[in-house]
Participant: 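There's a structure below that I have some questions on.
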Amino acid sequence: MDMLLKIIYSASITLILAALIHKKKYLDKLGIVGSSIMAFTILFLADLKWLLLLITFLVLGSLVSKMGYGFKKTIKMAESRRSLKNVLANGLMAVLFVLAYSTGLITEQMALVGYIGAIAAANSDTFSSELGMLSRETPRLITNFKTAKTGTDGAITVCGTFAGLLGSFLIGILAYALFNDTAIFWTATISGMIGNFADSLLGAIFERKGLMNNEHVNFMATLSGGTFAVLFYQLII
């Protein structure tokens, strides 16, 4: 009966969340399906506090995407609704940490820290890219600091970097509020930036050459952020 109640509980919250996402137009139809599967998995195998972190990323990401939308549209960088590819690229790594814990591959604490690190990386990268392109600074490639056009893969700005720090900081604040762990706050904030820089490096080295696409780079960024988080957390506790 406990199992049945948990299925009903998880399914109910997932359906409510899907309806809200559809109403707010955060995701397209396939994106809603993908995010719903992720939400149910997280609720069923972990709990609501874990899911709140992912929901926060979705909401914050959608909000910053809408900032300066007119300008982004003129440079063909606007994105009104995120797709299934975006959902998988930014959220799959977090879900994999949950699955790894549920199958006994890693401890719950390792899964939680890796999960938070992956989400912090995704949020940091989203803040950097969406807010950084609004800056009047001339972007520079992270590999050699040569000037580049706005939107160039692997190009960064000071404004975008600080925006990325804000993105990971916000996830860190929420993680601290939910789990009352100062080490998790620092881990989220720093690992988010590590994933952000990994995204820029991979973009400059591989995506610009057509060896990886944006979704591959985003996934690797969350992998970097999550992995670093697990290692860093062990060092500071």
Side-chain angles (χ1 to χ4, degrees), residues 1-66 79-127 167 170-180 184 188 192 195 215 218-219 221-223 225-226 229:
M1 180 58 71
D2 288 342
M3 180 72 71
L4 179 59
L5 288 175
K6 194 165 187 179
I7 290 173
I8 295 173
Y9 164 78
S10 301
S12 299
I13 293 181
T14 298
L15 288 172
I16 293 171
L17 179 60
L20 290 173
I21 292 173
H22 176 70
K23 182 178 180 180
K24 293 293 185 179
K25 300 181 179 180
Y26 289 148
L27 303 171
D28 64 16
K29 290 181 179 179
L30 285 178
I32 293 175
V33 172
S35 65
S36 296
I37 293 173
M38 287 183 178
F40 179 84
T41 302
I42 293 167
L43 281 170
F44 186 71
L45 298 178
D47 62 40
L48 184 59
K49 290 192 292 185
W50 292 51
L51 181 60
L52 285 174
L53 286 160
L54 195 59
I55 293 173
T56 299
F57 160 66
L58 172 63
V59 173
L60 290 177
S62 297
L63 290 175
V64 296
S65 295
K66 289 178 171 61
E79 192 172 26
S80 57
R81 293 188 187 183
R82 297 187 178 273
S83 65
L84 177 60
K85 292 189 297 183
N86 298 129
V87 171
L88 293 175
N90 290 292
L92 180 58
M93 191 65 239
V95 175
L96 290 177
F97 274 110
V98 176
L99 291 173
Y101 158 62
S102 69
T103 54
L105 294 177
I106 59 177
T107 66
E108 181 179 8
Q109 191 64 34
M110 288 176 65
L112 175 62
V113 171
Y115 177 90
I116 292 171
I119 294 175
N123 204 52
S124 178
D125 174 56
T126 299
F127 270 57
L170 290 174
I171 296 299
I173 286 290
L174 178 59
Y176 173 76
L178 291 172
F179 300 100
N180 193 30
I184 280 184
E215 285 72 35
N218 287 346
F219 177 78
T222 59
L223 173 60

Participant: When rounded to the nearest 0.5 angstrom, what distance separates OG1 in Thr56 from CD1 in Ile173?
Facilitator: 12.5 Å
Participant: Rounded to the nearest 0.5 Å, what separates atom CD1 in Ile171 from atom CG in Leu60?
Facilitator: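 Result: 6.0 Å between the selected atoms.
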Participant: At what distance, to the nearest 0.5 angstrom, does CG of Leu105 lie from CG of Leu99?
Facilitator: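 With rounding to 0.5 Å, CG (Leu105) is 9.5 Å from CG (Leu99).
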Participant: If we only count heavy atoms from C-beta on, is the Asn90 to Phe57 side-chain gap below 4.5 Å?
Facilitator: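 With C-beta onward as the side chain, the pair touches.
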Participant: How are the rings of Tyr115 and Trp50 set relative to one another: parallel (under 30°), tilted (30 to 60°) or perpendicular (over 60°)?
Facilitator: tilted
Participant: Do you know the tightest heavy-atom contact between Met110 and Ile106?
Facilitator: CE-CG2, 4.1 Å
Participant: What pair of heavy atoms forms the shortest contact from Leu84 to Gly34, and how long is it?
Facilitator: CD1-CA, 3.7 Å
Participant: Would a 4.5 Å heavy-atom cut-off, applied to side chains only, mark Phe44 and Met3 as touching?
Facilitator: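 Yes. Closest side-chain heavy atoms under 4.5 Å.
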Participant: Taking atom OH of Tyr101 as the centre, report whether more than 12 heavy atoms of other residues, nucleotides or ligands fall under 6.0 Å from it.
Facilitator: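 Check fails, neighbour count at 12 or below.
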Participant: Please evaluate residues Phe219 and Met93 with respect to the criterion side chain to side chain contact (heavy atoms under 4.5 Å, CB included), reporting the C-alpha separation (whole Å), side-chain torsions for both, the decisive distance (0.1 Å), and the verdict.
Facilitator: CA-CA 7 Å; Phe219 177 78; Met93 191 65 239; 3.9 Å; yes
Participant: Please give me the minimum heavy-atom distance between Ala39 and Thr14, naming the atom from each residue.
Facilitator: C-OG1, 3.9 Å
Participant: From Leu54 CG over to Ile42 CD1, what is the distance, rounded to the nearest 0.5 angstrom?
Facilitator: 5.0 Å
Participant: Do Asn218 side-chain atoms and Ala89 backbone N/O form a donor-acceptor pair below 3.5 Å?
Facilitator: no
Participant: Can you confirm whether Ile184 sits close enough to Gln109 that some side-chain heavy atom of one is under 4.5 Å from a side-chain heavy atom of the other?
Facilitator: yes
Participant: Knowing that exactly one of Ile16, Ile55, Leu58 qualifies, which makes a side chain to side chain contact (heavy atoms under 4.5 Å, CB included) with Ile21?
Facilitator: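 Output: one option passes, namely Leu58.
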Participant: Where do Ile32 and Ser35 come nearest, in terms of heavy atoms and distance?
Facilitator: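 Shortest heavy-atom separation between Ile32 and Ser35 comes out as O-OG, 3.0 Å.
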Participant: Do Leu170 and Phe127 have side-chain heavy atoms sitting under 4.5 Å apart?
Facilitator: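 Yes, their side chains come closer than 4.5 Å.
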Participant: Is there a side-chain contact between Leu4 and Ile8, using heavy atoms and a 4.5 Å cut-off?
Facilitator: yes
Participant: Do any N or O atoms from the side chain of Ser124 and from the backbone of Ala120 form a donor-acceptor pair under 3.5 angstrom?
Facilitator: no
Participant: Within a strict 4.5 Å, meaning less than it, do heavy atoms of the Met38 and Val87 side chains meet?
Facilitator: yes
Participant: So, for Thr41 and Ile37, which heavy atoms are closest and what is the spacing to 0.1 Å?
Facilitator: OG1-O, 2.8 Å
Participant: Check whether any side-chain heavy atom of Lys25 sits under 4.5 Å from a side-chain heavy atom of Ser62, and report yes or no.
Facilitator: no
Participant: Hydrogens and angles aside, do Ser83 and Asn86 bring a side-chain donor and acceptor to less than 3.5 Å of each other?
Facilitator: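 Yes.
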Participant: Identify the heavy atoms of Ser36 and Ala18 that sit nearest to each other, and give their distance.
Facilitator: OG-CB, 3.5 Å
Participant: Do Val59 and Leu63 come close enough that some side-chain heavy atom pair is under 4.5 Å?
Facilitator: yes
Participant: Nearest 0.5 Å, what's the CD-CG distance between Glu215 and Leu92?
Facilitator: 12.5 Å
Participant: Using 0.5 Å steps for rounding, measure from the CG atom of Leu53 to the CZ atom of Phe179.
Facilitator: 5.5 Å
Participant: Verify, without hydrogens or angle tests, whether Ser10 (side chain) and Ile7 (backbone) share a donor-acceptor contact under 3.5 angstrom.
Facilitator: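 Side chain of Ser10 to backbone of Ile7, a donor-acceptor pair under 3.5 Å: no, none is there.
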